[in-house]
Amino acid sequence: MRSRDSAVNQMLEVARQEAIETTWDRFEAQLPQCGFGELGVCCRHCVMGPCRISPFEDGPQRGICGATADTMVARGLVRAIAGGAAAHSGHAKHLAHTLHKWVKGEAPDYPVKNEAKLRAVATRQGISSEGLDVRELAAKVVESVFSQFAEGEEPLAWAGATMTAGRVEALAKLGVLPVGIDSSIAEMMHRTHIGVDADPVNLLLGGISCAIADYTGCHIGTDLADILFGTPVPIQSEANMGVMKENSVNIAVHGHNPVLSDVIVRIAKEMEDEARAAGADGIILVGICCTGNEVLMRHGIPPLTHGVSQELPIMTGALDAIVVDYQCVFPSLVEVARCYGTRVITTMGMAKIPGATHIELVEGEAVEKAKEIIRLGIEAFKARKGRPVKIPQVKNKVVSGFSVEAIVAALSKLNGEDPLKPVIDNIVNGNIQGVVLFAGCNNVKVPQDNNYLVMAEELAKRNVLLLATGCGAGAYARQGFMTPEATEKYAGEGLKAVLTAIGEANGLGGPLPLVLHMGSCVDNTRAVDLAVAIANKLGVDLDKLPVVASAPEYKTEKAVAIGTWAISAGLPVHLGVVPPVLGSPLVTSVLTSGVKDLLGGYFIVETNPHKAAEKVFAAIQERRAGLGLGTSQW
Ligand code: BF8
Ligand code: SF4
């Protein structure tokens with residue numbers, strides 16, 4: 001089985017018939033994958049190498065410089081964290097530059113949309129708003145953001161202000177609070193150069209510090225996106241490939257940063273007439289991966305597909321353009337698009353793909369660029385008109401938009417004075433056993449979505465409240481798990497009662513969806529904010545809460561960075577794909593148990609989704625017992 005998504009499976013059959021190569025074919029061509037790489041015991045950090053460590057005693061046990069398996073594995077892992085941090089914080093920096101350009105009057109298409117969030121963030125960061133107009137305050141916030149990137153004297157203020165005091169103290173005690181995002185990434189590159197840090201534990205501590213820098217970048221990314229484009233509120237839409245229509249101009253936005261896609265959403269509405277003049281019924285925008293999450297959360301743009309299946313919608317013959325920014329965009333898109341006339345449009349100078357059309361996003365001319373891009377889609381539509389299309393008739397309803405602000409607003413309908421109280425009361429009385437945040441990607445090593453679906457079913461029936469972000473959220477959206485109907489079908493009695501009470505108090509006439517969509521991968525910080533608010537209210541630190549994160553199908557360096565900051569925040573983190581660390585029993589044991597004594601969080605590696613759900617549930621029960629709450633059996 002390649003996927004649990006029936007639209008994907010229909011398109012894989014088309015790919016087979018039409019002899020189009022997919023991600024899955026290339027995966028098979030890679031098999032067997034290199035055993036040294038899988039264990040993390042190869043090194044190319046200098047040109048005396050590549051070196052590798054034999055898993056057997058009669059082979060080499062050290063690289064040419066003397067590096068051991070422990071050193072190699074730790075170096076590889078922390079470099080991955082640095083890669084992830086660079087990506088997330090690059091995205092955040094891009095948003096900061098955009099806001100900065102608006103402050104200077106150079107980007108009129110990017111006014112502050114959400115002044116309340118701007119003021120809330122400023123207050124949180126100790127920036128006085130008094131007497132300042134929006135532009136002046138935005139200037140101060142941007143200045144504060146930029147200060148987080150350079151190396152400073154003090155630990156990162158945006159991390160400190162968004163975590164519990166206990167967490168900040170625990171991290172400070174270990175000496176892992178970073179003093180600059182960029183400097184932290186640079187330090188990881190330095191420390192993993194040949195002949196620098198060879199101590200695996202010291203390297204891992206450095207990796208934790210860099211992961212906190214990643215967290216800071218993610219949080220800035222979410223804050224600035226909300227300031228520029230609005231904080232999401234619950235919104236209904238549809239998901240999966242069946243949302244495309246034969247006689248519409250179908251345009252996908254893909255990647256991560258809403259800087260361009262948010263403008264495209266706005267401008268596409270104005271260009272409906274142009275599309276109709278070309279013989280189309282209109283323009284249908286759809287989203288792929290996290291850019292898709294951003295525009296779903298804020299505008300209800302339907303998510304099309306995610307991660308490993310991103311090539312497949314092209315083979316419907318109905319997708320006129322894919323507009324990409326950066327991260328998780330497969331270069332193979334261009335090859336597939338060539339066969340179907342789909343325009344692949346890259347928009348970032350630092351993320352080009354050979355064979356794609358490049359239209360550089362210039363913030364000062366964002367609207368013009370968006371029009372140019374949409375016109376390419378309309379042209380492609382004209383060229384394909386009359387050719388048969390194969391759109392799988394698969395789509396599901398989805399309710400998304402659950403920012404912390406939206407969740408608190410919904411809860412305040414139950415208790416206006418003390419909105420978190422209903423959630424806490426229900427955790428205490430066991431109606432809600434705990435909370436699991438599903439995050440991360442799809443990975444070709446796992447039948448697409450299977451781990452997400454199996455784990456959600458197992459945990460929901462045991463009354464675990466489920467949150468999701470990233471392509472994980474995408475999986476639940478495509479598969480109909482973000483609906484009130486899914487709650488009726490899968491939730492245990494306690495969970496169902498709570499979700500129904502909240503839903504009815506908000507006039508929905510039924511429960512909230514089974515899985516709450518909290519946004520893109522940088523938006524994992526939204527889940528942290530919620531957990532921090534609950535922890536502060538209870539007067540305990542995050543490492544005591546019955547909250548677990550799970551990345552059952554993760555693949556990227558960004559996901560490694562997030563997983564590492566989540567354990568540093570004190571959460572148990574399940575991984576459904578084995579990370580390349582088993583070549584070092586020392587590193588493996590630090591990550592799965594040693595770190596628990598230091599920070600409370602730890603990794604649980606389990607590839608079987610049924611067993612994984614059981615282990616996650618056990619971790620929740622351990623925390624409940626620690627708080628003196630009643631526990632349940634599996
Ligand atoms: O940042 S979940 S495949 S799209 S890395 Fe990428 Fe993974 Fe998807 Fe979003 Ni996140
Ligand atoms: Fe080999 Fe050491 Fe160079 Fe790595 S850094 S390639 S282990 S000699």
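Just so we're clear, the structure is a prediction, and the values are computed from it rather than from any experiment. Atoms within each ligand, like the ligands themselves, are counted from 1 in listed order.
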Please check if the side chain of [X] supplies one atom and the backbone of [Y] the other of a donor-acceptor pair under 3.5 Å.
X	Y	result
N9	S3	yes
T68	T71	yes
E553	V444	no
T588	V581	yes
D320	I251	no
E360	G349	yes
R52	F36	no

| query | Counting heavy atoms only, which of G49, P50, C51 is nearest atom 1 (Fe) of ligand 2? | reply |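 Result: the heavy atom closest to atom 1 (Fe) of ligand 2 is in C51.
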
| Hey, looking at atom 8 (S) of ligand 2, which of A198, C65, G195 has the closest heavy atom? |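 Minimum heavy-atom distance to atom 8 (S) of ligand 2 goes to C65.
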
| task | Give the numbers and elements of all ligand 2 atoms closer than 4.0 Å to a heavy atom of C43. | result |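 Those of ligand 2 that fall under 4.0 Å from C43 are 4 (Fe), 5 (S), 6 (S), 7 (S).
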
| message | Quick check on contacts: which atoms of ligand 2 are under 4.0 angstrom from a heavy atom of R75? | response |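 The list of qualifying atoms is 4 (Fe), 5 (S), 7 (S).
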
| Looking only at heavy atoms, is any part of K555 under 4.0 Å from ligand 1, and if so is it the side chain, the backbone, or both, or is it neither? |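 Looking at K555 and ligand 1, just side chain atoms fall under 4.0 Å.
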
| said: Tell me whether R298 forms a cation-pi arrangement with F229, defined as NZ or CZ under 6.0 Å from the six-membered ring centre and within 45 degrees of its axis. | reply: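 Cation-pi check for R298 and F229: fails.
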
In the protein, what heavy atom is nearest to [atom], and what distance, to one decimal place, separates them?
atom	result
atom 8 (Fe) of ligand 1	C471 SG, 2.3 Å
atom 6 (Fe) of ligand 1	C328 SG, 2.2 Å
atom 3 (Fe) of ligand 2	C46 SG, 2.4 Å
atom 5 (S) of ligand 1	T556 OG1, 3.2 Å

| Distance-only N or O hit between ligand 1 and H88, under 3.5 Å |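 By distance alone, the answer is no.
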
| Backbone or side-chain N or O of H256 under 3.5 Å from ligand 1 N or O |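 Yes - when backbone and side-chain N and O of H256 are compared with those of ligand 1, one distance drops under 3.5 Å.
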
| said: In this structure, does ligand 1 have an atom that sits under 4.0 Å from one of the heavy atoms of A559? | reply: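 So A559 does not count as touching ligand 1.
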
| request: Tell me whether C441 has at least one N, O or S atom under 2.8 Å from atom 6 (Fe) of ligand 1. | output: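 No, outside the cut-off.
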
| message | Out of all atoms in ligand 1, which are within 4.0 Å of some heavy atom of C289? Include the element for each. | response |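 Contacts of ligand 1 toward C289, numbered from 1: 4 (S).
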
| At a 4.0 Å threshold, what atoms of ligand 1 neighbour a non-hydrogen atom of C521? |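 Once the distances to C521 are compared, the set is 1 (O), 2 (S), 9 (Fe), 10 (Ni).
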
| Sub-4.5 Å side-chain heavy-atom contact between K558 and C328 |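 With C-beta onward as the side chain, the pair touches.
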
| task | Determine whether any heavy atom of M72 lies closer than 4.0 Å to an atom of ligand 2. | result |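 Yes, that is the case, since the closest heavy atom of the residue is under 4.0 Å from the ligand.
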
| Residue that, paired with Y326, satisfies ring pair (Phe, Tyr, Trp, His ring centres under 6.0 Å) out of H94, H256, H254 |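 When H94, H256, H254 are each tested with Y326, the ring pair (Phe, Tyr, Trp, His ring centres under 6.0 Å) holds only for H94.
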
